[in-house]
Trainee: 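Here's a structure for you.
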Amino acid sequence: SAFAMQHLRFKPSLAWRMIVISLGGIGQFLIATSSWIVVMRIVAIFGSPAIAAYTIALRMMEFVFLPAWGLGNAAATLVGQNLGAGQVERAEKSAWRAAQYNTFFMTFVGMFLLIFAEGITGLFTVEPDVLRIGTNCLQILAIGFPAYAVGMVIVQAMNGAGDTETPAILNAICFWILQIPLAYILATRTPLLANGAFAAITVSETLLTILSVILFRRGRWKTHDA
């Protein structure tokens, strides 16, 4: 239909629904971002080389994750579209198919980083301590790439179904309740030092994937009132 002025009319009920749905998404970003900042503070205990190494690793992760995030967004779109069309089974299949493709991609990238982590880190620094810590960080984070791949797609699939609250709760459990305390304990109470903080990221992200898959299989998102 053609555009008309009535399409610009403010609808309080629709605006409220959009706000409610977005709150969960906002919470997810705030929880995840704040947890990574706290981990940065923990890493800072080991001095500027550790901070520099962690920053380099994060930048590489952001670059690598771009295609994976794209697949996650595609899953969200397909789930929302199919649920709207009443095709619940197809919505679920779309999410699993996207997770499968993402796992293939992220596993390959993870293996590449495991093998060439030192060379990649060396592109950004020649400082021995930064190179050593950055290499360890990339390799530790890369171990969890297959898990990250599934988790980011399944979480986005739930978001696409309008169930943004569940991923927000899972983020709070995995990042605030697990990741931050675990990173501090492993970094300060074990011989792992900064590597302990990096390991905590891999552990928490893997747990997020496991919990997301369990709840996705239970199917509450299929009947969620967006």
Side-chain angles (χ1 to χ4, degrees), residues 26-69 72 105-152 155 167-212:
I26 293 170
Q28 291 172 48
F29 280 107
L30 286 176
I31 292 166
T33 303
S34 61
S35 69
W36 283 70
I37 292 173
V38 175
V39 172
M40 175 73 82
R41 178 64 186 85
I42 295 171
V43 171
I45 295 173
F46 304 98
S48 56
I51 296 175
Y54 183 58
T55 302
I56 290 171
L58 286 185
R59 292 294 176 266
M60 283 303 305
M61 294 283 284
E62 289 173 359
F63 176 75
V64 168
F65 278 2
L66 285 176
W69 280 325
F105 168 72
M106 292 291 286
T107 299
F108 173 78
V109 173
M111 291 174 62
F112 182 85
L113 287 181
L114 277 172
I115 297 171
F116 299 107
E118 185 173 1
I120 293 171
T121 307
L123 295 174
F124 303 93
T125 182
V126 293
E127 214 281 319
D129 287 340
V130 178
L131 182 61
R132 174 178 54 82
I133 298 172
T135 299
N136 291 338
C137 183
L138 274 180
Q139 290 177 329
I140 291 170
L141 295 180
I143 291 172
F145 271 28
Y148 309 158
V150 176
M152 64 177 58
V155 164
I169 294 171
L170 293 181
N171 277 11
I173 293 172
C174 296
F175 297 147
W176 283 353
I177 296 177
L178 174 65
Q179 180 177 282
I180 293 173
L182 182 62
Y184 181 78
I185 292 171
L186 292 179
T188 61
R189 307 291 175 83
T190 75
L192 291 173
L193 302 179
N195 290 339
F198 308 145
I201 296 173
T202 299
V203 171
S204 61
E205 291 280 1
T206 301
L207 178 63
L208 177 63
T209 294
I210 293 171
L211 296 178
S212 298

Trainee: Decide side-chain contact (heavy atoms from CB on, under 4.5 Å) for Leu141 and Met60; before the verdict, give the C-alpha distance in whole Å, the side-chain angles of both, and the deciding distance to 0.1 Å.
Mentor: CA-CA 11 Å; Leu141 295 180; Met60 283 303 305; over 6 Å; no

Trainee: Could you report the tightest heavy-atom contact between Gln139 and Leu114, atom names first, then the distance?
Mentor: NE2-O, 3.1 Å

Trainee: Is it true that the side chains of Gln179 and Ser204 contain a donor and an acceptor less than 3.5 Å apart?
Mentor: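 The answer is yes; a qualifying pair exists.
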
Trainee: Any chance you could measure Ser212, atom OG, to Leu207, atom CG, to the nearest 0.5 Å?
Mentor: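 Output value for this atom pair is 8.5 Å.
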
Trainee: Within the 4.5 Å heavy-atom criterion, are Tyr184 and Val38 side-chain neighbours or not?
Mentor: no

Trainee: Just how far is it from atom CD1 of Ile42 to atom CZ of Phe198, taken to the nearest 0.5 Å?
Mentor: 11.0 Å

Trainee: Ignoring hydrogens, what is the shortest heavy-atom contact between Glu62 and Trp69? Give both atom names and the distance.
Mentor: O-CZ3, 3.8 Å

Trainee: Look at the side chain of Thr107 and the backbone N and O of Pro146, then say whether any donor-acceptor pair between them is shorter than 3.5 Å.
Mentor: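 Not a single qualifying donor-acceptor pair exists.
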
Trainee: If we ignore hydrogens and angles and just use 3.5 Å, is the side chain of Ser34 paired with the main-chain N or O of Ile31 as donor and acceptor?
Mentor: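 Confirmed, Ser34 side chain pairs with Ile31 backbone.
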
Trainee: Is the backbone N or O of Ala32 less than 3.5 Å from a side-chain atom of Ser35, with the two atoms forming a donor-acceptor pair by type?
Mentor: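 Side chain of Ser35 to backbone of Ala32, a donor-acceptor pair under 3.5 Å: yes, one is there.
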
Trainee: How far apart are the closest heavy atoms of Pro49 and Ile133, and which atoms are they?
Mentor: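 Shortest heavy-atom separation between Pro49 and Ile133 comes out as C-CD1, 4.3 Å.
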
Trainee: To the nearest 0.5 Å, what is the distance between CG on Leu208 and CG on Leu170?
Mentor: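 That separation rounds to 6.0 Å.
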
Trainee: State which residue, out of Ile177, Ile201, Val203, fulfils the side chain to side chain contact (heavy atoms under 4.5 Å, CB included) condition with Leu182.
Mentor: Val203

Trainee: Rounded to the nearest 0.5 Å, how far does OG1 of Thr135 lie from CZ of Phe116?
Mentor: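 So the gap between those two atoms works out to 13.0 Å.
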
Trainee: Checking Trp36 against Tyr54 for the side-chain contact (heavy atoms from CB on, under 4.5 Å) test, could you report, in this order, the C-alpha distance in whole Å, the side-chain angles of both residues, the deciding distance, and whether it holds?
Mentor: CA-CA 10 Å; Trp36 283 70; Tyr54 183 58; 3.2 Å; yes

Trainee: Are Tyr148 and Thr206 linked by a side-chain donor-acceptor pair shorter than 3.5 Å?
Mentor: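 Side-chain D/A pair, Tyr148 to Thr206: absent.
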
Trainee: In Å and rounded to the nearest 0.5 Å, what is the CG to CD1 distance from Asn195 to Ile140?
Mentor: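 The distance works out to 4.0 Å.
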
Trainee: Looking at Thr209 and Ala147, would you say the former's side chain and the latter's main chain have a donor-acceptor pair under 3.5 Å?
Mentor: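 Side chain of Thr209 to backbone of Ala147, a donor-acceptor pair under 3.5 Å: yes, one is there.
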
Trainee: Do Val130 and Phe124 come within less than 4.5 Å of each other through their side chains, counting heavy atoms only?
Mentor: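 Side-chain contact under 4.5 Å: no.
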
Trainee: Can you find a heavy atom in the side chain of Phe145 that is under 4.5 Å from one in the side chain of Phe105?
Mentor: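 Sidechains of Phe105 and Phe145: no contact.
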
Trainee: Looking at Leu186 and Ala199, what are the two nearest heavy atoms and their distance?
Mentor: CD1-CB, 4.4 Å

Trainee: For a quick test of reading the model, state the closest non-hydrogen atom pair linking Ala57 to Cys137 and the distance between them.
Mentor: CB-SG, 3.4 Å

Trainee: If I compare all heavy atoms of Gly122 with all of Leu131, which pair ends up nearest, and what's the gap?
Mentor: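 For Gly122 versus Leu131, the nearest heavy atoms are N-CD1, 3.5 Å.
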
Trainee: Give a yes or no on this: more than 12 heavy atoms of other residues, nucleotides or ligands lie within 6.0 Å of atom CD of Glu118.
Mentor: no

Trainee: Can you tell me how far apart CD1 (Ile37) and CD1 (Ile180) are? Round to the nearest 0.5 Å.
Mentor: 10.0 Å

Trainee: Would you indicate whether the side-chain heavy atoms of Thr121 and Leu138 approach each other to under 4.5 Å?
Mentor: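 Result yes, sub-4.5 Å side-chain heavy-atom pair found.
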
Trainee: Hey, mind stepping through Val155 and Met152 against side-chain contact (heavy atoms from CB on, under 4.5 Å) and telling me if it holds?
Mentor: CA-CA 5 Å; Val155 164; Met152 64 177 58; 5.9 Å; no

